[in-house]
Amino acid sequence: MAVFEKLSVDAVKKLLKIDYEYYRNNHDDLIAFDNSKLLEHYADYGYAEGRIPSPLALRENFFNTFEESTYLEIGPFFTPIMRGKNIKYVDVLSQKQLKKRAKDLKVSQDIIDSITKIDFVTKDGTLGLINEKFDTVISSHNLEHQVNLISHLNEVSRLLKLGGSYKMVVPDCAFCFDATIKPSMISEVISKSLNQDKIHSLEKVIEHRALTDHNDSALHWEDSLKGFKPYNLIDVSRVSFAIKEFKEANGEYIDVHSWQFRPHTLSDILQSLIELKLIEFSSVSCYGSVYGRCEFCIELFK
């Protein structure tokens, strides 16, 4: 089964950002290419090969900070993306609860000691309790856990100043434990919004607990470059466990992935939601996955 869909030049041009000078100068075989040829190369080969199309494709460059800007980080857990006087944090657990959680997970003491104060504690994960405006909202490996994607994005938009942005690092489902699960579709995103779902469905709990794969991104990249991924037989015991867990939760939230995305599929979905006026943003900037990594960077602008 092929891991990658073949993207046309038009699809790449619409959905993914390329810094042509960077792309040209960081690959010796492309040094003589003009921008048009670089675009063709990225569509035909670079995207599938995980070539870095822009410095902003790397999380270490993507989350840049400016002293005059204000930031809100969603779900910092044990290791915040950013630290500083202009950064506030929102999480479902307080600092005290995070420290206990870290201790239970046998996290090292130095990490436990560095766990930051949480400015806004939201038990249900929504953001309605926050009455401040920020220049930038950031999150890492958070979007895929949201039950109602449209509602979440509009909550973030409400917290942003005009011209602000929502910067996200999102798992690439081809290169993490979601590799055996098909990418989510816009029909699912809109359906969950209209249904006003509050918890993950039994389908999603079974997917996450029973149908996921290993989490070695390097091995997933090896398989993708071969043009296939192995089929995993269903483990009935894992399915049974997932069903039992869902029933015993009795309507309470179970934390699993609700969504699976590739860079181009999420960019396409978000741009379409903007055109449909379902989310309050004006544009999207998305960068392709980088070889050996399991994530990609994407930004929504208000």
Side-chain angles (χ1 to χ4, degrees), residues 73-78 90-94 97-98 101 104-105 118 120-129 137 139-157 166 168-215 232 234-262 265-266 268-270 272-273 278-279 294-296 298 300:
E73 180 171 345
I74 299 174
F77 204 37
F78 306 153
V90 56
D91 206 304
V92 295
L93 300 177
S94 66
Q97 291 170 319
L98 283 172
R101 173 76 171 147
D104 291 343
L105 292 173
I118 302 302
F120 310 101
V121 179
T122 168
K123 292 183 178 180
D124 62 359
T126 60
L127 306 174
L129 78 165
V137 175
S139 72
S140 175
H141 292 242
N142 174 278
L143 187 74
E144 69 279 4
H145 292 269
Q146 299 297 327
V147 177
N148 188 328
L149 203 62
I150 290 175
S151 176
H152 170 72
L153 294 173
N154 283 327
E155 283 189 326
V156 171
S157 176
Y166 185 16
M168 299 165 277
V169 169
V170 180
D172 187 326
C173 66
F175 305 115
C176 68
F177 55 70
D178 283 332
T180 51
I181 302 172
K182 65 179 178 62
S184 302
M185 301 179 68
I186 192 171
S187 53
E188 301 169 79
V189 173
I190 295 173
S191 177
K192 283 198 175 185
S193 174
L194 292 177
N195 292 339
Q196 298 186 332
D197 292 350
K198 303 294 184 185
I199 62 171
H200 296 300
S201 65
L202 174 58
E203 174 190 3
K204 290 300 175 183
V205 175
I206 291 174
E207 279 185 357
H208 194 93
R209 298 290 190 244
L211 303 181
T212 47
D213 202 359
H214 65 80
N215 207 34
N232 291 342
I234 295 170
D235 185 334
V236 175
S237 65
R238 290 175 67 189
V239 176
S240 178
F241 172 82
I243 296 171
K244 181 174 181 289
E245 180 184 14
F246 184 83
K247 288 180 177 179
E248 290 179 350
N250 196 29
E252 292 295 315
Y253 177 85
I254 299 173
D255 189 28
V256 297
H257 282 192
S258 187
W259 310 102
Q260 287 75 32
F261 298 116
R262 302 285 338 279
T265 66
L266 180 54
D268 201 11
I269 287 170
L270 294 179
S272 297
L273 293 177
L278 292 175
I279 60 173
C294 65
E295 61 189 18
F296 62 94
I298 188 166
L300 276 165

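Numbering of residues begins at 1 and proceeds along the displayed sequence.
- Minimum interatomic distance between Ala242 and Ile206 (heavy atoms only, all atoms of both residues): CB-CA, 3.8 Å.
- Here CG of Leu273 is found 9.5 Å from CG of Leu300. Values are rounded to the nearest 0.5 Å.
- Scanning both residues, Asn232 and Thr180, for their nearest heavy atoms gives ND2-CG2, 3.5 Å.
- Contact record, Arg262 with Pro183: CG-CG, 4.2 Å, taken as the closest heavy-atom pair.
- With hydrogens and angles ignored, the 3.5 Å screen pairs a side-chain donor or acceptor of Glu188 with a backbone N or O of Met185.
- At least one donor-acceptor pair closer than 3.5 Å links the side chain of Asp172 to the backbone N or O of Ala174.
- Applying the side-chain contact (heavy atoms from CB on, under 4.5 Å) test between Val156 and each of Ile74, Leu143, Ile279 identifies Ile74 as the sole match.
- For the residue pair Thr122 and Asp124, a side-chain donor N or O sits within less than 3.5 Å of a side-chain acceptor on the partner.
- Residues Phe296 and Phe261 come closest through the heavy atom pair CE2-O, 4.0 Å.
- Screening residues 199-214 for salt bridge (Lys or Arg N to Asp or Glu O under 4.0 Å), with sequence neighbours left out, gives Lys204-Glu207, Arg209-Glu245.
- Counting non-hydrogen atoms of other residues, nucleotides and ligands closer than 6.0 Å to CG of Leu105 gives a total above 12.
- The backbone N or O of Asp178 sits nowhere less than 3.5 Å from a side-chain atom of Gln260 that would complete a donor-acceptor pair.
- Between Val147 and Lys198, the closest side-chain pair of non-hydrogen atoms is not below 4.5 Å.
- With sequence neighbours left out, the ring pair (Phe, Tyr, Trp, His ring centres under 6.0 Å) criterion links His208 to Phe177, His257.
- No hydrogens or angles considered: nothing links the side chains of Tyr166 and Ser157 as a donor-acceptor pair under 3.5 Å.
- Closest approach of Ile190 to Ile150, counting heavy atoms only: CA-CD1, 4.2 Å.
- Between Ser258 and Ser184 the shortest heavy-atom distance is O-OG, 4.3 Å.
- A donor-acceptor contact shorter than 3.5 Å is absent between the side chain of Ser193 and the backbone of Asn148.
- A search for ring pair (Phe, Tyr, Trp, His ring centres under 6.0 Å) contacts involving Tyr253 returns His200, not counting sequence neighbours.
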